Amino acid sequence: MFTQLAERRERVAAALGLNDGILLIGAGSPVPLPENTDQTYSFRAHSEFFYVTGLECPGAIVAFDPQDGLRAGWRLFVPEVTEAESVWEAREQAAGEPLAALPAWITLRRHRPMAQLGDPFPGAYADQALTARVREAFTHARRPKDALEIATMRRAAAATAAGYVRATAILAPGITERAVQIELEAEFFRHGASRTGYDSIVGTGPNSAVLHFEPTSRVAREGEFVLIDAGAEVDRYVIDVTRTYVAGAPSPFQRDLHQAVLAAQEKAIGRCVAGAEWRDVHMKSAADLCAGLVSMGLMRGSPESLVEQEAHLLFFPHGLGHLVGLGVRDASGTLPGRPRSTRPSLKSLRLDLPLAPGYVVTVEPGLYFIPALLNDPVRRDRFRQVVAWEKVDALAGIGGVRIEDNVLVTSGAPEVLTSAIPKALQQQPVNPRPPSAK
Ligand code: GLY
Ligand code: MN
Ligand code: MN
């Protein structure tokens, strides 16, 4: 086993405070497709299992008994590979103790409370309150990335950057969302990606305002926004980047909107320092975005009072970001013991805690013209004084702008892992010529 994994297990074990409790962490099993075929969704071990093993081993269980030592107390139990698995998947026997020996390990400890993380082991009792407490502590312990994780994320960031180079080389009026997706993802794979980190988002024109849009055969017209939110995954570690471009030449308004988001994003990145409360970083960005809308004549009032009234939610309806790494949402959530806020401007935050060295957060402000929000009569009435509705209505269908980077919090200045991907809005194509992919 890697030294890194042994250190990781020891650090997590110390953070769990199990005392006489014991712990099982299950990898999980492949999930069959619903059509009653013999196929399954592609298998991914539960992140809690993967974090302490680095293995994609269906059916495996890691067991931990703190009384056997913070390092020596970890045991890996693996199922025996069947002939069918060897024939159909070339699955190889993983190193570890036979899964059949796990019930005896549990029986020896039957009077002790047990927590279960990952995918629960069928038939084994788990103390629910202990499990909830241990999950919270485990999640918190894995928030700071270790050197191996950061190195893997740098590889994913390099593959992602290569994809964006290709996407921007072909971006021009006349290209479809699908063509951009194909070129972007192919380049991720050519540069070492094992998967995409999540379903790539490519939205042209009005589709750029759909937060989780799936690319279609729609063609980007001259002067339309093209929003790309995509990232490569390498060895289970994910990068999550957004850039917004214009097919053809940007209009002055598009430049202003893009600049307002970019200015807010760069300020927010600068605030990603150890000890900063993420909710404060988010709220300050909301005010920065409102300041941009005020300077464009789309909102009226002081940015702080607009945020106080929650008027920013009309144009910036999501949180500023989340942790990213082992999965696109990684170990996001709240600080142990902190309940989720119910305030409208905070309840969509996927993260509510003070930042610490080693955390990798996405910083992804956006400004969008979303019909479902802007055409709502209740909101129009509530915010009739502070929004220049005639100007906003004239922008219907323009879409939106989001800019997203992945930021490593350190004990000093934040480091942008995705800084190789340019953010400036420029004419697309940069050297006008016919698009090479349709
Ligand atoms: N990539 C999806 C998101 O940032 O939420
Ligand atoms: Mn994203
Ligand atoms: Mn994101």
Side-chain angles (χ1 to χ4, degrees), residues 44 47 143 145 153 156-157 159-161 163-164 167-168 177 180-181 184-185 188 193-204 207-216 225-234 236-245 258 261-262 264-266 268-269 271-272 278-279 281-282 285-286 289 313 315-333 346-353 355 359-368 370 373 399-409 414 416-423:
R44 297 161 80 81
S47 297
R143 284 180 172 139
K145 300 277 165 292
M153 291 190 75
T160 304
Y164 274 86
T168 48
E177 293 163 350
V180 173
Q181 175 199 11
L184 181 80
E185 294 183 1
F188 289 172
S194 24
R195 305 170 198 250
T196 58
Y198 48 93
D199 289 346
S200 303
I201 297 167
V202 182
T204 57
N207 297 341
S208 59
V210 182
L211 302 179
H212 282 173
F213 187 74
E214 290 187 26
T216 69
F225 278 129
V226 180
L227 183 148
I228 305 177
D229 179 347
E233 179 180 308
V234 170
R236 287 292 298 266
Y237 282 81
V238 168
I239 284 290
D240 178 9
V241 170
T242 308
R243 297 287 183 262
T244 308
Y245 309 99
H258 190 274
V261 175
L262 184 56
Q265 201 239 9
E266 288 186 337
I269 289 173
R271 294 179 186 125
C272 291
W278 184 248
R279 57 165 68 191
V281 183
H282 168 80
S285 290
L289 291 168
L313 293 173
F315 302 98
F316 174 45
H318 58 75
L320 182 65
H322 48 86
L323 294 177
V324 62
L326 185 46
V328 69
R329 300 279 179 254
D330 198 27
S332 298
L346 294 178
K347 71 175 198 265
S348 61
L349 286 195
R350 300 183 198 278
L351 194 62
D352 186 4
L353 40 63
L355 298 178
Y359 289 16
V360 182
V361 281
T362 70
V363 177
E364 49 180 307
L367 286 171
Y368 315 87
I370 302 176
L373 301 179
V401 173
R402 178 167 64 255
I403 303 174
E404 176 174 23
D405 280 300
N406 299 172
V407 178
L408 171 64
V409 180
V416 181
L417 298 180
T418 47
S419 60
I421 307 171
K423 295 192 258 198

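Just so we're clear, the structure is a prediction, and the values are computed from it rather than from any experiment. Read the numbers this way: they start at 1 and go in the same order the structure lists the ligands and their atoms. Just the heavy atoms: all of them, side chains too, but no hydrogens, waters or symmetry mates, feed the values below.
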Which N/O/S atom belongs to E364 and is the closest one to the Mn ion (ligand 3)?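 Distance check against the Mn ion (ligand 3) picks out OE2 in E364.
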For ligand 1, which atoms, with element, lie under 4.0 Å from some heavy atom of [X]?
X	value
D229	1 (N), 2 (C), 3 (C), 4 (O)
Y198	1 (N)
H322	4 (O)
E404	4 (O)
D240	1 (N), 3 (C), 4 (O)

Without swapping roles, check the side chain of E364 against the backbone of G321 for a donor-acceptor pair under 3.5 Å. no
Polar side-chain atom of Y164 near backbone of A230 as donor-acceptor pair, under 3.5 Å: yes
Between the side chains of D405 and R243, is the shortest nitrogen-to-carboxylate-oxygen separation below 4.0 Å, so that they form an ion pair?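 Between D405 and R243 there is a salt bridge, with a charged N closer than 4.0 Å to a carboxylate O.
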Under a 3.5 Å threshold, yes or no: a donor from one side chain and an acceptor from the other, between Q181 and E185?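 Checked: Q181/E185 side chains pair up, N/O donor to acceptor below 3.5 Å.
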[Y] and [X], any side-chain heavy atoms less than 4.5 Å apart:
X	Y	answer
D352	L346	no
R402	I201	yes
V328	H322	yes

Specify the protein heavy atom at minimum distance from atom 5 (O) of ligand 1: its residue, its atom name, and the distance to 0.1 Å. R329 NH2, 2.9 Å
Looking from the Mn ion (ligand 2), what is the angle between OD1 on D240 and OE1 on E404, to the nearest 10°?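 D240 OD1 and E404 OE1 form an angle of 90° at the Mn ion (ligand 2).
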Test of proximity, H212 against ligand 1: N or O pairs below 3.5 Å: yes
Any heavy atom of H318 closer to ligand 1 than 4.0 angstrom?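 Heavy atoms of H318 never come under 4.0 Å of ligand 1.
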